[in-house]
Amino acid sequence: MTRRWTFHPSENRLKSDDEVACLTGKAADVLRLLLANEGNVVSRDEILKGVWKGLHVSPHLVREYVFDLRQALGDDAANPSYIETARGKGFRLIGGVESARTNGANPLGMQCVRIAVLRPDCFDGGPRWQRFADGMVDELLTDLSRFGDLAVIARASSFGIDKSKPFAEIGEALNCEYVLESSISVWGDTLRARFQVIDVRSSDVAWADCVEKGVKNLPQVSGQIALTVANQLGGVAGAILRAERRYAVRRPSSELSAWENYVIACTLEERYDDESINAGLRHIDQAIEQDPEFARSFLLQGFFCEKHEALSNGRDKDFWLERAQAAAEQALALDRRDPLILAFVARSYASSGRTEEARVATFRTADLAPNEPHAAWCAASAMTLVVGDYEAAASLIQSARELCPEPQEHAGFVEGRNQLFSGNFKDAEEMSFAGPEFESTFVIRCLAQRLQGKKSDAQSTYRKLISRHPGFRFEYYPKAMGVIAENTLATYNEAVARLGL
């Protein structure tokens, strides 16, 4: 029996009697256009003009978002119940949707660490505030589900658990390692939401926080609190992975599971020295051998290969670049909706000359990334290097900083490059001094100094760059970084020419 869906445009949600599906903004825009023309074929050109007004994007992008809609609807392209492909013409909504939050299927391979979000307590305010608290936690469940290395227990299971039981019993009943408890209380115009994450294996508090907000505009407050908490818990720098690392580093290397190897590699990926890069690659290679279905492991492998490329000389550079590109392809094959993977793939496609595919992947990651800071930083990098849209990159950077005011060190590369290529040379130079002493740091500083007319400073920076990275070549750097945007390349080449090397 075909499920009937209702589209809620203001929420970017599809709802049925027993399921809710979240859509990205662009996917919702495509569905909105199909609904407005229900029963009629809408061409790819019409969708491009209606959804990506004034932007030059590949027609392949339309197919990606129709794929997303079919996933959310549970539709089969070969035997469609909702969206039909008119070969060579476009797409037609044939029924089942009237007017469009799970957030769509997300094929991740093996789920690694599990968290259950318990029903929140409401200490005062009556049923109204309990409904608010339940809705806030619903949004939190959705936001946590976006992280590719977290498995989130379904609301129907976690809300129904007896919270008076010991945490070990709750963990066993829900098959999870962590539970998130929360409560709200209201005094006058101030709402206070408390959260704590319990490791059920030890009953220790792994993380806790308290958020205070004014009670005006409650729907917006609910979303802000949920997104803030989710981004403190999820991702490679989040509280959950930090807690998992404490277990992993105490175990003998020979006994580490795929997940434990991955967690340790995440820690090492934050560093920029030879020893950490080599050790990290060994751990992630082992994780892939143990579990070849986890997309984020291949992503991490690609990151380590990129770092090896920056530190290597001669033909080794091509070897490591090709290995990074292969890792990107495998990660994408396992998960086509992970914004971190899409951002990495965008630059990988650009490096190998697949220009249109690189642009498609960049627009995809920019659409999917704004609610996850690490992904937003990577999407901003692709926007600068692949598309050359510095304003869009700056917007993604602002979103990332709002979600995580203390980002990882690589954020300095991203913001510094965007400032450099958008013409803010002084700011780019200043930002380069805040980042790690890695290849891109010196490149940004050197070019920013030369474009400001600081020739002697630029030459001094270049000597440091070559001293630290003897294999570096200015003519090779754009290929390694996936720089294909014409405006970005023009600024880069002008600065290199002024160096007079």
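Numbering of residues begins at 1 and proceeds along the displayed sequence. Quick caveat, the model's predicted, so the values are computed rather than measured.
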Side-chain donor-acceptor pair present, E139, T142, cut-off under 3.5 Å: no
Tell me, with the steps shown, if D75 and Q71 meet side chain to side chain contact (heavy atoms under 4.5 Å, CB included). CA-CA 6 Å; D75 204 10; Q71 268 200 322; over 6 Å; no
Can you check whether Q419's main-chain N or O pairs, donor with acceptor, with D427's side chain at less than 3.5 Å? no
Mind listing the closest non-hydrogen atom pair of N261 and H283 along with its distance? OD1-ND1, 2.8 Å
So with a 6.0 Å cut-off around CG of D76, is the heavy-atom count from everything else above 12? yes
Hydrogens and angles aside, do E244 and Y178 bring a side-chain donor and acceptor to less than 3.5 Å of each other? yes
If every non-hydrogen atom of R347 is compared with every non-hydrogen atom of L385, which pair is closest and at what distance? CD-CD1, 3.9 Å
Within 45° cone and under 6.0 Å: R250 NZ/CZ vs Y247 ring: yes
Backbone N/O of A287 and side chain of S297: donor-acceptor pair under 3.5 Å: no
Begin with the C-alpha distance, continue with both residues' side-chain angles, and end with the deciding distance and a verdict on ring pair (Phe, Tyr, Trp, His ring centres under 6.0 Å) for F413 and Y272. CA-CA 13 Å; F413 301 155; Y272 292 84; 5.8 Å; yes
Expected output: side-chain T362 to main-chain A358 donor-acceptor under 3.5 Å: yes
Give me the atom names and distance for the closest heavy-atom approach of A27 to D367. N-OD2, 4.3 Å
For the CD atom on E289, are there more than 12 heavy atoms of other groups (residues, nucleotides or ligands in this structure) within a distance under 6.0 Å? no
T384 side chain to R417 side chain, donor-acceptor N/O pair below 3.5 angstrom: no
Could you pull out the closest heavy-atom pair between A173 and I161, with the gap in Å? CB-CD1, 3.8 Å
Any donor-acceptor N/O pair, K307 side chain to E269 backbone, under 3.5 Å: yes
Should the pair E38-R92 be classified as a salt bridge under the 4.0 Å nitrogen-to-oxygen rule? no
Separation between CZ of F304 and CG of L268, rounded to the nearest 0.5 Å: 5.5 Å
Return the CZ to CG distance between R359 and L61, rounded to the nearest 0.5 Å. 10.0 Å
Check this for me: does any side-chain nitrogen of one of D199 and R201 sit under 4.0 Å from a carboxylate oxygen of the other? yes
I'd like to know if R364 and D68 make a salt bridge, using a cut-off of under 4.0 Å between side-chain N and carboxylate O. yes
Tell me, do V205 and W207 make a side-chain contact under 4.5 Å, heavy atoms counted? no
Shortest non-hydrogen contact between R70 and I83, atoms and distance: NH2-O, 3.0 Å
Quick test of your reading of the model: are R245 and E260 salt-bridged, counting only N-O distances below 4.0 Å? no
Just so I know, are the side chains of R337 and I341 near enough to count as touching, which here means a heavy-atom distance under 4.5 Å? no
Run the salt bridge (Lys or Arg N to Asp or Glu O under 4.0 Å) test on R32 and D29 for me, step by step, so that the C-alpha distance in whole Å, both residues' side-chain angles and the decisive distance to 0.1 Å come before the verdict. CA-CA 5 Å; R32 190 179 291 112; D29 288 342; 2.5 Å; yes
Between the side chain of S348 and the main-chain N/O of F344, is any donor-acceptor distance below 3.5 Å? no
From S276 atom OG to E270 atom CD, the distance as rounded to the nearest 0.5 Å: 10.5 Å
Between L332 and Y349, is there a side-chain heavy-atom distance shorter than 4.5 Å? yes
Please say whether more than 12 non-hydrogen atoms of neighbouring residues, nucleotides or ligands are located less than 6.0 Å from CD in E212. yes
Hey, are E181 and R194 close enough for a salt bridge, meaning a charged N less than 4.0 Å from a carboxylate O? no
Is any NZ, NE, NH1 or NH2 atom of the basic residue among D121 and K163 found under 4.0 Å from an Asp or Glu carboxylate oxygen of the other? yes
Would V117 and I153 count as a side chain to side chain contact (heavy atoms under 4.5 Å, CB included) if you check the C-alpha gap in whole Å, the side-chain angles of each, and the deciding distance to 0.1 Å? CA-CA 7 Å; V117 182; I153 305 301; over 6 Å; no
Side-chain donor or acceptor of N37 paired with backbone N/O of L33 under 3.5 Å: yes
Look up atom CG in L396 and atom CZ in R401, then write down how far apart they are to the nearest 0.5 Å. 13.0 Å
Heavy-atom pair with the smallest gap, counting every atom of A116 and L174: CB-CD1, 3.6 Å
Given 3.5 Å as the limit, does a donor-acceptor pair link the side chain of D389 with the main chain of A392, or not? yes
Intermediate values then yes/no, side chain to side chain contact (heavy atoms under 4.5 Å, CB included), Q196 and D209: CA-CA 7 Å; Q196 62 176 7; D209 198 9; over 6 Å; no
Is any side-chain heavy atom of K213 closer than 4.5 Å to a side-chain heavy atom of I225? yes
Is any side-chain heavy atom of W259 closer than 4.5 Å to one of I264? no
Could you go through the side chain to side chain contact (heavy atoms under 4.5 Å, CB included) check for V42 and F91 one step at a time? CA-CA 5 Å; V42 184; F91 303 93; 5.8 Å; no
Got S16 and T6 here, is their nearest side-chain heavy-atom distance under 4.5 Å? no
For residues V249 and V263, determine if any side-chain heavy atom of one lies less than 4.5 Å from a side-chain heavy atom of the other. no
Using atom types as modelled and distance alone, determine if a side-chain donor or acceptor of N418 lies under 3.5 Å from a backbone N or O of Y390. yes
Could you tell me whether the side chain of R296 reaches within less than 4.5 Å of the side chain of D338, counting heavy atoms only? yes
Distance-only polar pair, side chains of D285 and Q301, donor-acceptor under 3.5 Å: yes
Rounded to the nearest 0.5 Å, the CD atom of E306 sits from the OG atom of S440 at a distance of 9.0 Å
I need the R119 CZ to D138 CG distance, nearest 0.5 Å. 10.0 Å
Spell out, as yes or no, whether a donor-acceptor pair under 3.5 Å connects the side chain of T441 to the backbone of P436. yes
